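These values consider heavy atoms only, across backbone and side chains, with no hydrogens, waters or symmetry-generated copies. Just so you know, ligand 1 is whichever comes first in the structure, and atom 1 is the first atom listed for that ligand. Sequence positions, counted from 1, serve as the residue numbers for this chain. Please read these numbers as outputs of a predicted model, since none were measured by experiment.
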Amino acid sequence: MDDSDKHRPIRVALLGCGVVGSSVARLMQEQADDFAARVGTPLELVGVAVRRLGRDRSEAGVDPALLTTDAEGLVTRADVVVEVIGGIEPARSLILRAFEHGASVVTANKALLAERGPELYAAAEAAGVDLYHEASVAGAIPLLRPLRESLAGDDVRKVLGIVNGTTNYVLDKMHTTGQGFGEAVEAAQALGYAEADPTADVEGFDAAAKAAILASLAFHSRVSARDVHREGITEVSAADIAAAEAMGCVVKLLAICERVDADPATGTDRTGISVRVHPAMIPLSHPLAGVREAFNAVFVEARSAGELMFYGRGAGGDPTASAVLGDVVAVARHRVGGGRGPGESTYADLPTLPMGEARTRYFISLDVADEPGVLAAVATEFARNQVSIETVRQTARADDEHRAEERAELVVVTHAAPDAALAATVEALAGLAQVREVSSVMRVEGE
Ligand SMILES: NC(=O)C1=CN([C@@H]2O[C@H](COP(=O)(O)OP(=O)(O)OC[C@H]3O[C@@H](n4cnc5c(N)ncnc54)[C@H](O)[C@@H]3O)[C@@H](O)[C@H]2O)C=CC1
Ligand SMILES: N[C@@H](CC=O)C(=O)O
Ligand code: NA
């Protein structure tokens, strides 16, 4: 934009008018005067690409004349393209086309960024434009800009949190109302939290994509969704929920990104990063335990700053639109004032370590024969795998049927050990003659 162009409106193209897109369109119009004042020139919505014309979009306040099914044509007429279609294609091609035409891009698309981030950043760099995506992780919560900019003077060691609203909503309902899994997922869909295919949420793909984005930013390295160890919540049973409650814990789906330094004292051989998404028990006293419904919360631990906590709405139309519009204002300001925001930073180039090397703690509940030597047999398997036990509790099974068979429940919580050693321990326990069933296994986080 040269000087003569400084005060012409910034042309904004919106791709997608679903949950997020319709909120963006409405809020952009409702707050037009404020945005013009903040940017220094008006933001003009020049078109809204939709898959099908003819649907009533009056709630979003979109002038029907702006609607088009020609997304490819629309991106060539814009200074800023907002991509809220989701998925890999055509979102990727449309964004690349926008860059070719000199437009900056704002997107909420974590799946795309976690799979094709380097390609998109390189294209933005080559075109000298911005690629902003605050909405892609933890919805409304300002998290990516603090990591990229505010913490650029620190050394981030760990990022840990709840980054998927749908699964937090489902687990919360399972704990508090005893609602079934399927029913809770349907409610999350109706509230606009879930992805178009909620499998992405419940199987942990969405959280894994977000973890990849967080780890890349936090550790100045390239992490893609494929590098993230991922477990969803579909295997979390009512028995796991009950076991967690009996331990004074709740089950949460966590994203954990950690700097790992080689340390002979803990048997850690390699320096790198560990990035994982899995359900975990956390004690009720931990601040993450109080994160209800579709809210998200993320802890960032940095060498000088210490612990920081980010909390807010991680999903839903208006909250996500808040982050999208914050980015639109930022990139529009760059176009008016000249220059661009920071791009990708991957200089540290740290490797992502396999899950087996991550140090985790396990909760293990065993249905065992209530007879002499059981505890010793179980303890031997822990020792064989060099896993240290933190607590162990044995109780006789309460129901008559099991008492008659002289069975007991043995609950073990371990100290931190390599995940591979813990998994091997569980496998060995399952093979013991005295163990009838491994009733529940879950990782434990928080003190
Ligand atoms: N819903 C939420 O709470 C959040 C969503 N996001 C992300 O925002 C993006 C959009 O999500 P939602 O609005 O929830 O999805 P949605 O499914 O409600 O909306 C997507 C819209 O794009 C339209 N579309 C699909 N292909 C198109 C094409 N070729 N041209 C034009 N329009 C097309 C669909 O018809 C649909 O209306 C996704 O990347 C999602 O991961 C990010 C944070 C939160
Ligand atoms: N489906 C996602 C939407 C926001 O990213 C979620 O449930 O968190
Ligand atoms: Na965010």
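At a cut-off of 3.5 Å, with distance as the only test, no side-chain donor of Thr68 or Asp70 sits close to an acceptor on the other residue. Side-chain contact, Arg335 with Ser104: a donor N or O sits under 3.5 Å from an acceptor N or O.
Of the candidates Leu191, Asn109, Val50, the one placing a heavy atom closest to atom 31 (C) of ligand 1 is Val50. Among His133, Arg51, Arg57, Arg55, the residue whose heavy atom sits closest to atom 34 (C) of ligand 1 is Arg51. Nearest to atom 26 (N) of ligand 1 by heavy-atom distance, out of Asp201, Ile85, Asn296, Thr320, is Ile85.
At a 4.0 Å heavy-atom cut-off, ligand 1 touches Ala108 through backbone and side chain alike. The residue Pro319 has no part lying near ligand 1, judged by heavy-atom distances below 4.0 Å. Residue contacts with ligand 1 for Thr107 are absent, since no atom lies close enough (heavy atoms, distance under 4.0 Å). Residue contacts with ligand 2, taken as heavy atom pairs separated by less than 4.0 Å, do not involve Asn296 at all. Neither the backbone nor the side chain of Ala188 has any atom closer than 4.0 Å to an atom of ligand 2 (non-hydrogen atoms only).
For the atom pair CD1 (Ile162) and CD1 (Ile282), the distance works out to 5.5 Å, reported to the nearest 0.5 Å. Considering CG of Leu15 and CD1 of Ile85, their distance stands at 5.0 Å, rounded to 0.5 Å.
Residue contacts with ligand 1: Gly192 is placed with a nitrogen or oxygen under 3.5 Å of a nitrogen or oxygen of the ligand (distance criterion only). Any N or O atom pair closer than 3.5 Å counts here, and Gly87 shares no such pair with ligand 1. When only interatomic distances are considered, the shortest N/O to N/O separation between Val20 and ligand 1 falls below 3.5 Å. Residue Glu195 has at least one N or O atom closer than 3.5 Å to an N or O atom of ligand 1. Considering backbone and side-chain N/O atoms, Lys110 comes within less than 3.5 Å of an N/O atom of ligand 1. The N/O atoms of Gly316, backbone and side chain alike, include one that comes under 3.5 Å of an N/O atom in ligand 1. Looking at Gly165 next to ligand 2, an N or O pair under 3.5 Å apart turns up.
Annotation for ligand 2: atoms under 4.0 Å from non-hydrogen atoms of Ala194 are 1 (N). If you number the atoms of ligand 2 from 1 as listed, the ones under 4.0 Å from a heavy atom of Tyr193 come out as 1 (N), 2 (C), 3 (C), 6 (C), 7 (O). Close contacts between ligand 2 and Asn164 involve ligand atoms 2 (C), 6 (C), 7 (O), 8 (O) [criterion: under 4.0 Å to a heavy atom]. Atoms of ligand 2 found under 4.0 Å from any heavy atom of Gly314 (numbered from 1 in listed order, with element): 4 (C), 5 (O). The ligand atoms of ligand 2 that sit less than 4.0 angstrom from a heavy atom of Glu195 are 1 (N), 2 (C), 3 (C). Taking every non-hydrogen atom of Ala135 and a distance limit under 4.0 Å, the qualifying atoms of ligand 1 come out as 42 (C), 43 (C). With ligand atoms numbered from 1 in the order given, ligand 1 contributes 38 (C), 39 (O) to contacts under 4.0 Å with heavy atoms of Gly86. In summary, the atoms of ligand 1 found under 4.0 Å from a heavy atom of Gly16, numbered by their order in the structure, are 22 (O), 32 (N). Listed by number with element, the atoms of ligand 2 under 4.0 Å from a non-hydrogen atom of Lys210 are 2 (C), 4 (C), 5 (O), 6 (C), 8 (O). Using a 4.0 Å cut-off to heavy atoms of Ala315, the atoms of ligand 1 that qualify are 3 (O). Within ligand 2, the atoms closer than 4.0 Å to a non-hydrogen atom of Asp201 are 1 (N), 2 (C), 6 (C), 7 (O), numbered from 1 in the order shown.
The pair Asp263-Arg270 fails the salt-bridge criterion, with no side-chain N (NZ, NE, NH1 or NH2) lying under 4.0 Å from an Asp/Glu carboxylate O. Salt-bridge annotation for Glu83 and Arg92: absent, with no side-chain N of the basic residue lying under 4.0 Å from a carboxylate O of the acidic one. Using a cut-off of 4.0 Å between Lys/Arg side-chain N and Asp/Glu carboxylate O, Asp318 and Arg313 are scored as not salt-bridged. Here Glu195 pairs with Lys110 in a salt bridge; the nearest charged N to carboxylate O distance falls below 4.0 Å. Looking at Lys252 and Glu445, no side-chain N of the basic residue comes within less than 4.0 Å of a carboxylate O on the acidic one, giving no salt bridge.
Annotation: atom 10 (C) of ligand 1 to nearest protein heavy atom, Val84 O, 3.4 Å. Closest protein heavy atom to atom 7 (O) of ligand 2: Thr166 OG1, 2.6 Å. Regarding atom 19 (O) of ligand 1, its nearest protein heavy-atom neighbour is Gly18 CA, 3.3 Å. Of the protein's non-hydrogen atoms, the one nearest atom 5 (O) of ligand 2 is Lys110 NZ, 2.5 Å. Scanning the protein for heavy atoms near atom 17 (O) of ligand 1, the closest one is Ala196 CB, 4.3 Å.
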Residue pair Arg340, Glu125: steps toward the salt bridge (charged side-chain N to carboxylate O under 4.0 Å, His left out) verdict: CA-CA 10 Å; Arg340 46 194 291 265; Glu125 176 83 34; 3.7 Å; yes
Full working for side-chain contact (heavy atoms from CB on, under 4.5 Å) between Tyr362 and Val413: CA-CA 6 Å; Tyr362 270 32; Val413 178; over 6 Å; no
Evaluation steps, salt bridge (charged side-chain N to carboxylate O under 4.0 Å, His left out), between Glu119 and Arg116: CA-CA 6 Å; Glu119 178 191 26; Arg116 305 304 285 255; 3.2 Å; yes
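Listed by chain and residue number, Arg276 satisfy the side chain to side chain donor-acceptor pair (under 3.5 Å) test with Glu258 (two or more places apart in sequence, or in another chain). With sequence neighbours left out, the side chain to side chain donor-acceptor pair (under 3.5 Å) criterion links Thr360 to Asp419.
Using a distance-only test at 3.5 Å, with no hydrogens or angles considered, no donor-acceptor pair links the side chain of Arg157 to the main chain of Ala302. Put simply, the side chain of Asp367 never gets that close to the backbone of Ser439: no donor and acceptor are under 3.5 Å apart. No side-chain donor-acceptor contact under 3.5 Å links Thr346 to the backbone of Asp349. Thr76 contributes a side-chain N or O that, together with a main-chain N or O of Gly73, makes up a donor-acceptor pair within less than 3.5 Å. Distance alone, capped at 3.5 Å, is enough to place a donor-acceptor pair between the Thr271 side chain and the Ala262 backbone. Looking at Arg361, its side chain does come within 3.5 Å of a backbone N or O of Thr414 through a donor-acceptor pair. Judged by distance alone, with hydrogens and angles left aside, the side-chain atoms of Glu59 form no donor-acceptor pair with the main-chain N or O of Gly61 at under 3.5 Å.
Not close to ligand 2: Gly139, with no non-hydrogen atom less than 4.0 angstrom away. The closest approach between Pro90 and ligand 1 falls below 4.0 Å for a heavy atom of the residue.
Listed by first and then second residue, the ring pair (Phe, Tyr, Trp, His ring centres under 6.0 Å) pairs that reach into residues 198-235 are His220-Tyr347, sequence neighbours excluded.
Counting only heavy atoms from C-beta outward, the side chains of Arg57 and Leu67 approach each other to under 4.5 Å.
Only protein N, O or S atoms were scored, and 5 of them lie under 3.0 Å from the Na ion (ligand 3).
Put simply, atom 15 (O) of ligand 1 has no protein non-hydrogen atoms near it, under 4.0 Å away.
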